[in-house]
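Report on the structure given below.
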Amino acid sequence: MSGITYTPVVSIAYHSGYGHTAVIAEAVKAGAIDAGATVHMIKVDEIDEAKWELLTASDAIIFGSPTYMGTASGAFHVFAEASSKIWFVAGWQDKVAAGFTNSGSKSGDKGNTLDYFQTLASQHGMSWVNLGLKPGWNSSTGSENDLNRLGFFDGATAQSNSDQGPEFVHKADIATAEHLGSRVTEQTRVLLAGRAALAAV
């Protein structure tokens, strides 16, 4: 099996209320593409049957949503509930999953949204990929420009001032999202190679 390069198919299923989360979604996409993935961007509030099929054909699905009132947005919840038709037939079983979120506050209860994504992934029998970064900006020598400056482990997070537009999304949060896209791609490639190796035994 040596010499074979696997190209993971990664779908980013996300909702963005005011554009900030869309910036993060695009950063995740950029990181995944740089790592060699084929990427599909799927806005969950505009999903149709063809896009559901794209999700089911993907090797990895990365969930994204702003954090509103301590959880994912209503539009994302509608999507998650609609995915029950896939759950019945185990359509996402053993796929890779990950997540990202944005809020106006440094914390903003973003951990609840990432936990919600993990629960959704677990119900579908998916394998969760965490951020894989130590926390940044937590020492006297740290900086708000550190990767993972907000110190979350479960996924990529961003903080966007509520009185500023998407063009002001913090550069460190964009870089952290790019890291997530790359990490998911790399971990998915390992999974695909492992499955191929087992099948060849």
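Side-chain atoms are counted along with the backbone in the values below, which use heavy atoms only and exclude waters and symmetry mates.
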### Task
Step by step, work out the side chain to side chain contact (heavy atoms under 4.5 Å, CB included) result for Ile12 and Ile42.
CA-CA 6 Å; Ile12 301 172; Ile42 297 174; over 6 Å; no
### Query
Between Gln159 and Leu150, is a side chain to side chain contact (heavy atoms under 4.5 Å, CB included) present by the stated rule, with each step listed?
CA-CA 8 Å; Gln159 180 270 329; Leu150 300 176; 3.9 Å; yes
#### Entry: Phe63 and Phe76 aromatic ring geometry - parallel, tilted or perpendicular at 30°/60° bounds
perpendicular
### Message
Tell me if a side-chain donor or acceptor on Asn130 pairs with a main-chain N or O of Gly132 at a distance below 3.5 Å.
### Response
yes
### Query
side chain to side chain donor-acceptor pair (under 3.5 Å): which pairs involve residues 63-90, sequence neighbours left out?
His15-Ser73, Ser65-Ser73, Thr67-Thr101, Thr67-Thr113, Thr71-His77, His77-Tyr116, Ser83-His124
### Message
Once side-chain hydrogen bond (donor to acceptor under 3.5 Å, both in side chains) is applied, do any residues pair with Ser16, and if so which ones, sequence neighbours excluded?
### Response
none
### Summary
Nearest heavy-atom approach of Ala156 to Ala177 is CB-CA, 4.1 Å
Atom pairs and distances, side-chain donor-acceptor, residues 53-62, under 3.5 Å, sequence neighbours left out:
residue: Thr56; atom: OG1; partner: Trp52; partner atom: O; Å: 3.3
residue: Thr56; atom: OG1; partner: Trp92; partner atom: NE1; Å: 3.4
residue: Ser58; atom: OG; partner: Ser11; partner atom: OG; Å: 2.7
residue: Ser58; atom: OG; partner: Leu54; partner atom: O; Å: 2.7
residue: Asp59; atom: OD2; partner: Val9; partner atom: N; Å: 2.8

### Message
Per the side chain to side chain donor-acceptor pair (under 3.5 Å) rule, what does the pair list look like for residues 102-111, sequence neighbours excluded?
### Response
Asn102-Ser160, Ser103-Lys110
### Query
Of all residues at least two apart in sequence or in a different chain, which pass the side-chain hydrogen bond (donor to acceptor under 3.5 Å, both in side chains) check with His40?
none
### Summary
Closest non-hydrogen contact found for Leu114 with Gly155 is CD1-N, 3.7 Å
### Query
With sequence neighbours left out, which residue pairs that include part of residues 177-196 fulfil the salt bridge (charged side-chain N to carboxylate O under 4.0 Å, His left out) condition?
Glu186-Arg189
### Query
When rounded to the nearest 0.5 angstrom, what is the spacing between CG in Asp154 and CZ in Phe117?
11.5 Å
## Note on the structure
What one should report as the nearest heavy-atom pair of Asp45 and Ala75 is CB-CB, 4.2 Å
### Query
Is the number of heavy atoms from other residues, nucleotides or ligands within 6.0 Å of NZ (Lys43) greater than 12?
no
### Message
Considering only residues two or more places apart or on different chains, which pairs with a residue in residues 164-173 satisfy salt bridge (charged side-chain N to carboxylate O under 4.0 Å, His left out)?
### Response
Arg149-Asp173
Name the atoms and distances for all side-chain donor-acceptor pairs under 3.5 Å in residues 21-34, with sequence neighbours left out.
none

## Note on the structure
Which of Val39, Thr185, Thr38 passes side chain to side chain contact (heavy atoms under 4.5 Å, CB included) with Pro8? It is Thr185
#### Entry: Reported CG-to-CH2 distance for the pair Asp146 and Trp137, which is rounded to 0.5 angstrom
9.0 Å
### Summary
Sorted by chain and residue number, the side-chain hydrogen bond (donor to acceptor under 3.5 Å, both in side chains) partners of Ser182 (sequence neighbours excluded) come out as none
### Query
Which residues pass the side-chain hydrogen bond (donor to acceptor under 3.5 Å, both in side chains) test with Asn112, sequence neighbours left out?
none
### Task
Show which residues join Val89 in its hydrophobic cluster (side-chain heavy-atom contacts under 4.5 Å, direct or indirect), or state none.
none
### Query
Does a donor on one side chain sit under 3.5 Å from an acceptor on the other, for Glu144 and His170?
yes
### Message
Please give the remaining members of the hydrophobic cluster of Val201, linking ILVMFWY side chains under 4.5 Å, ordered by chain and number.
### Response
none
